[in-house]
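Here the structure comes first, spelled out in structure tokens, and everything after it is commentary.
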Number of protein chains: 2
Amino acid sequence: MAGQVQRQTGVALWRQIADRIRQAISAGAYDETGMVPPETVLALQFGVNRHTVRSALAALAQEGIVRAVQGRGTLIERKERLNFPITRRTRFTTGIGEQAREMRGLLLSHSEEKADAEVARWLKLREGEPVIRMETVRKADGRPVSCATAWFPARRFAGLPDAYKRTESITKAFAELGLADYVRATTEITASHADDADIAALELTPGAIVLITKAMNTDLEGIPVQYAISRFSADRVQFTIEN
Amino acid sequence: MAGQVQRQTGVALWRQIADRIRQAISAGAYDETGMVPPETVLALQFGVNRHTVRSALAALAQEGIVRAVQGRGTLIERKERLNFPITRRTRFTTGIGEQAREMRGLLLSHSEEKADAEVARWLKLREGEPVIRMETVRKADGRPVSCATAWFPARRFAGLPDAYKRTESITKAFAELGLADYVRATTEITASHADDADIAALELTPGAIVLITKAMNTDLEGIPVQYAISRFSADRVQFTIEN
DNA sequence: TTTAAATGTCTATTGATATAGACAACTATA
DNA sequence: TATAGTTGTCTATATCAATAGACATTTAAA
């Protein structure tokens, strides 16, 4: 963990340091001891005052990632960065399945609406054709991993929101409606700062980074069945593309 | 662009606002006028003082995204994002080629060294075997798009840095050394705040976001020929994965 | 039991961030 | 040529972020 923090960027040093330590933890940098280095050592490493390090550690403690014990040190409570493979067979639950005990997809809201230009383009519909929109949050072991807005052709998938609410899985909901299999056709990936909706849905703090995917799934005949914009906490997730 | 900014989170209000405006610009929110709303309007929208908005706009002006003209308003200068497809045949030059007139890869430095554990794992070498390391910056129409550190098996690709310096392309450099074709095997994608090296190499400002890829290319027999860590300006680039 | 090493708490000071208000300077247009 | 609307600059004040140092408290090991 080399490299210095940056001053006068509008991002407080304690927040930059918190982000770096969080990342180091999830990269397994402190696995041998199960503890973060002492505050004085971190202060030296980052070239800041011990109090600044303490602010960073306090923020991580607030997130439940570390726990300070007077006299002993600062213990690591939790260390995750989920790996998310993107392939033709990308599925949220099975993709992350082995890395977490429990995986849930929660339906926040849904509605039927007319496809705007963008949705129509991705789903290969005409503008104005009916689509189902679903807002979802996906959680691994109770921790929000991503929030998504997904669109589906309404004529083909009436009843999808109900099935999703029951099964908490797109794959299973599709299966209930007679679509046994589907494949990931296209994924676009960008990154940005979290906006208010992200901060609320993913339990982030302002200034956090989100990875954003725009993905289109098709059935086995290449007909689009889903278009989704998903937003992932960059601290908790990475993507892997295997070609 | 509704929603309020958040206070006392370690991220300065002016930076949150700059991020939001940058995003709104790239989403085309102000395409009709080609201008950002007046400072007083933005201040009202975000619920902050006009001076805070001015700090945000100053940061965006520094990035070259807007330009303030006294008496008229704040004009939008730039709102583009290069698309970078990731496939088995991912190549920097041909991938972005159509979206820019000129595409160059510049060799900053190179050296021969012994593979550390990570490089050895990716290139399927034994730790300590000789590898060539190259630091490069890739530019589209003179604008830095990414900087990369790449490793190659030294025994197989002696002379690669020279060939790259001449051709400004990995594909062509490989070809000169007798490797006619290669494929992208694996790509990992994460995101983070830009560090000092990124800021210098990519001409960014502190607080900017970088998309980070760790990629491995193999020859047609599946033998690794390159491992590279590339850092892209998130404001200028997006990735597309076609499956 | 002592001691070293770690976190916890307090005071004080400096610089960055944010607000508030007033007014100057410039642009486009009525 | 006024005038409304916009950005630019200045002063002043309050709060947050960061540094600095001193010392208390707790833990684990010598």
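The sequence lines fix the lettering, A, B, ..., with proteins before strands; numbering per chain opens at 1. Side chains are part of it too, since the values below use all heavy atoms of this structure and drop only hydrogens, waters and symmetry mates.
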Separation of dA18(C) P from Glu39(B) CD (nearest whole Å): 16 Å

What closest approach, in Å, do Ala191(B) and Leu211(A) show between heavy atoms, and which atom pair accounts for it? CB-CD2, 3.9 Å

Indicate whether the side chain of Ser192(A) and that of Arg22(B) have a donor and an acceptor atom separated by less than 3.5 Å. no

Taking all heavy atoms of Ala18(B) and all of Ala56(B), pick out the closest pair and write down the distance. N-CB, 3.6 Å

Under-4.0 Å salt bridge between Glu129(A) and Lys114(A): no

Thr40(B) near the nucleic acid: base, sugar-phosphate alone, or nothing, with a heavy-atom cut-off under 4.0 Å? nothing

Using atom CD1 of Ile76(A) as one end and atom P of dT7(C) as the other, report the distance to the nearest whole Å. 12 Å

Results of side chain to side chain contact (heavy atoms under 4.5 Å, CB included) for Leu106(B) - residues two or more places apart only: Arg104(B), Lys139(B), Glu168(B)

note: Arg54(B), atom CZ; dT17(C), atom C1'; distance rounded to Å ~ 16 Å

Has Thr74(B) got a side-chain N or O lying under 4.0 Å from the OP1 or OP2 atom of dT7(D)? yes

Could you tell me how far apart Asn49(A) (CG) and dT11(C) (P) are, to the nearest whole angstrom? 17 Å

Thr52(B) side chain N/O closer than 4.0 Å to the phosphate oxygens (OP1, OP2) of dT19(C)? yes

Least distance between heavy atoms, Leu42(B) atom then Pro37(B) atom: CD1-O, 3.5 Å

Mind calculating the distance between CE (Met35(A)) and P (dA5(C)) to the nearest angstrom? 14 Å

Any idea which of dA18(C), dT7(D), dA18(D) is nearest the Leu13(B) side chain? dA18(C)

Report yes or no: does Gln16(A) contribute a side-chain atom to a donor-acceptor pair with the main-chain N or O of Val11(A) at less than 3.5 Å? yes

Whole-Å gap separating P (dT17(C)) and CD (Gln16(B)): 13 Å

Exercise: identify the closest heavy-atom pair between Val145(A) and Leu202(A): C-CD2, 4.0 Å

Would you say the base of dG21(C) and the side-chain of Arg50(B) have a donor-acceptor pair closer than 3.5 Å? no

Which whole-number value in Å describes the distance from Leu42(B) CG to dT6(D) P? 11 Å

Arg15(A) has an atom CZ; how far is it from atom P of dT17(C), in whole Å? 16 Å

Show me the protein contacts with nucleotides 27-30 of chain C, counting only N or O atoms at under 3.5 Å.
from    : atom 1 : to       : atom 2 : distance (Å)
dA28(C) : OP1    : Arg72(B) : NE     : 3.3

Do Phe232(B) and Phe239(B) have their ring centres less than 6.0 Å from each other? yes

Under 3.5 Å, which protein N or O atoms sit close to an N or O of nucleotides 10-14 of chain D? Give each pair with its distance.
none

